[in-house]
Amino acid sequence: MPLSFTKMHGLGNDFVVLEAINAPIELTPAQARRIADRRFGVGCDQILIVGPPRAGNADFSYRILNADGSESGQCGNGARCFVRYVRETGLTDKKAVVVDIRDGQMTLEALDDDTFSVALGVPAFAPADVPLAGFAAARRYTLDDVPGGPVMFAAVSFGNPHAVLDVADIDTAPVATLGPALESHRVFPERVNVGFRQIVARDHIRLRVFERGAGETLACGSGAAAAVVTAIAAGTLDRDVRVDLAGGTARVVWDGPGTPAYLIGPAERVFDGRLAVAG
Ligand SMILES: N[C@H](CCC[C@H](N)C(=O)O)C(=O)O
């Protein structure tokens, strides 16, 4: 059945956006993989499905499928594209929208300078919430059975799991080896997104992310928030942080435990199209 789609990106993290307000869209993992394939399909890191609200106070619902066909409970860069999409397609004229995501709700806002703010929710640090198996709650965890020997990482969830490692220089970080090894490590029962963080100053980091289900992307919004809140919790960053990623710069603001983290940045619409999805 042919599907209309909109191609978008947030700092180079790219998306195929599908509108499922009037008619539901159900994609098998194989169909999602084909759409995401950069040769046999449209090509994207994630597929975003814009749906009707589930709860009474929400404006929309939001589903995220990774390029490997797996579903995630969060996508920060995608959320910025989501609010640009629903406004530019006339689905709403609101500047702030409430969106049902898999495990909760988010508020997304179009700002006056053509950037977008996403309240990603309150970060969850408890191992059971990440989820991270076999560890008691700690600021940092250590794993020995990974390439290159023991690694230390922080762990947090924004509705999707993140492990964050500190490196001296992200340009030489072992993203291609350590990323996949950690992504599918047995201590992460739902796999994990792996962030490689270089702290430049108390209000500035550089970051690369090997994403669960997509590999290294040019940017990861929830990964940026994970890198910032775990460092704020450890006392190494202040509350308002510039995050430099390969695809551009985002900003993360967090006022500490029990409060939501905010991700601020651009969202671009690239083109519209129609795709044939095999059965
Ligand atoms: N790969 C992620 C989903 C996309 C997150 C990322 N694109 C973002 O901007 O937050 C996961 O499986 O949890």
Side-chain angles (χ1 to χ4, degrees), residues 7-18 27 29 32-33 35-36 43-49 62-85 99 101-104 106 108 115-121 123-124 129-132 155-164 175 179-180 182-185 188-197 207-230 243-252 254 260-268:
K7 186 76 182 352
M8 302 187 77
H9 76 86
L11 300 173
N13 183 197
D14 66 336
F15 310 106
V16 166
V17 184
L18 303 174
L27 295 173
R33 285 192 291 272
I35 292 168
C44 61
D45 294 326
Q46 280 89 32
I47 296 165
L48 311 181
I49 300 177
Y62 172 36
R63 287 182 65 206
I64 301 121
L65 302 177
N66 283 309
D68 72 351
S70 63
E71 181 155 8
S72 174
Q74 184 56 275
C75 180
N77 288 325
R80 298 198 311 276
C81 291
F82 188 109
V83 61
R84 160 151 261 161
Y85 176 85
V99 177
I101 52 177
R102 190 181 60 189
D103 306 321
M106 284 196 299
L108 320 179
T115 65
F116 301 86
S117 172
V118 175
L120 283 170
D129 295 332
V130 174
L132 170 65
V156 67
S157 172
F158 277 102
N160 63 340
H162 290 271
V164 185
V175 177
L182 283 174
E183 180 206 17
S184 56
H185 196 284
F188 297 108
E190 295 176 11
R191 299 188 294 165
V192 74
N193 299 283
V194 187
F196 296 81
R197 174 181 59 204
L207 182 70
R208 290 172 69 180
V209 182
F210 187 93
E211 284 199 32
R212 175 180 64 170
E216 183 174 7
T217 56
L218 294 180
C220 179
S222 56
V228 168
V229 302
T230 51
V243 182
D244 288 344
L245 301 130
T249 297
R251 183 175 155 221
V252 175
W254 187 52
Y262 292 87
L263 170 71
I264 300 104
E268 304 299 336

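Fair warning: this is a prediction, and the values are worked out from it, not measured in the lab. Note that ligands are numbered from 1 as they come in the structure, with each ligand's atoms numbered from 1 the same way. If you read the sequence from its start, that first residue is 1, and numbering goes on from there.
For atom 2 (C) of ligand 1, the closest heavy atom belonging to the protein is Asn193 OD1, 3.2 Å. Residue, atom and distance of the protein heavy atom nearest to atom 10 (O) of ligand 1 are Ser222 OG, 2.6 Å. With respect to atom 9 (O) of ligand 1, the closest heavy atom belonging to the protein is Gly221 N, 2.8 Å.
Of the charged side-chain nitrogens involved, none lies within less than 4.0 Å of a carboxylate oxygen, so that Arg102 and Glu71 do not count as a salt-bridged pair. Taking a cutoff of 4.0 Å between a charged side-chain nitrogen and a carboxylate oxygen, Arg33 and Asp68 do not qualify as a salt bridge. With respect to Glu183 and Arg191, a salt bridge is recorded, a charged nitrogen being found less than 4.0 Å from a carboxylate O.
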For Val192 and His185, run side-chain contact (heavy atoms from CB on, under 4.5 Å): C-alpha distance rounded to whole Å, both residues' side-chain angles, the deciding distance at 0.1 Å, then the answer.
-> CA-CA 8 Å; Val192 74; His185 196 284; over 6 Å; no
Start with the C-alpha distance between Asn13 and Glu211, add both sets of side-chain angles, then the distance that settles side-chain contact (heavy atoms from CB on, under 4.5 Å), and finish with yes or no.
-> CA-CA 11 Å; Asn13 183 197; Glu211 284 199 32; 3.8 Å; yes
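The heavy atom nearest to atom 6 (C) of ligand 1, considering only Glu211, Glu71, Arg80, Glu183, is found in Glu211.
The closest approach between a heavy atom of Asn13 and any atom of ligand 1 is below 4.0 Å. The shell of residues lying under 4.0 angstrom from ligand 1, judged by heavy atoms, excludes Ala214.
Listed by chain and residue number, nothing satisfies the ring-ring contact (aromatic ring centres under 6.0 Å, His included) test with Tyr262 (two or more places apart in sequence, or in another chain). Every residue meeting the ring-ring contact (aromatic ring centres under 6.0 Å, His included) condition with Phe82, not counting sequence neighbours, appears here in chain and number order: Phe60, Tyr62.
Residue contacts with ligand 1, taken as heavy atom pairs separated by less than 4.0 Å, involve Cys220 via backbone and side-chain atoms alike.
Close contacts of ligand 1 with Asn66, meaning ligand atoms under 4.0 Å from a residue heavy atom, involve 1 (N), 2 (C), 3 (C), 11 (C), 12 (O). For ligand 1, the atoms closer than 4.0 angstrom to any heavy atom of Asn77 are 8 (C), 9 (O). Close approach of ligand 1 to Gln74 is summarised as follows: ligand atoms under 4.0 Å from at least one heavy atom of the residue are 3 (C), 4 (C), 5 (C).
Close N/O approach between Ala219 and ligand 1 is not found [any backbone or side-chain N/O within under 3.5 Å].
For Thr115 and Arg80, the side-chain atoms include no donor-acceptor pair closer than 3.5 Å.
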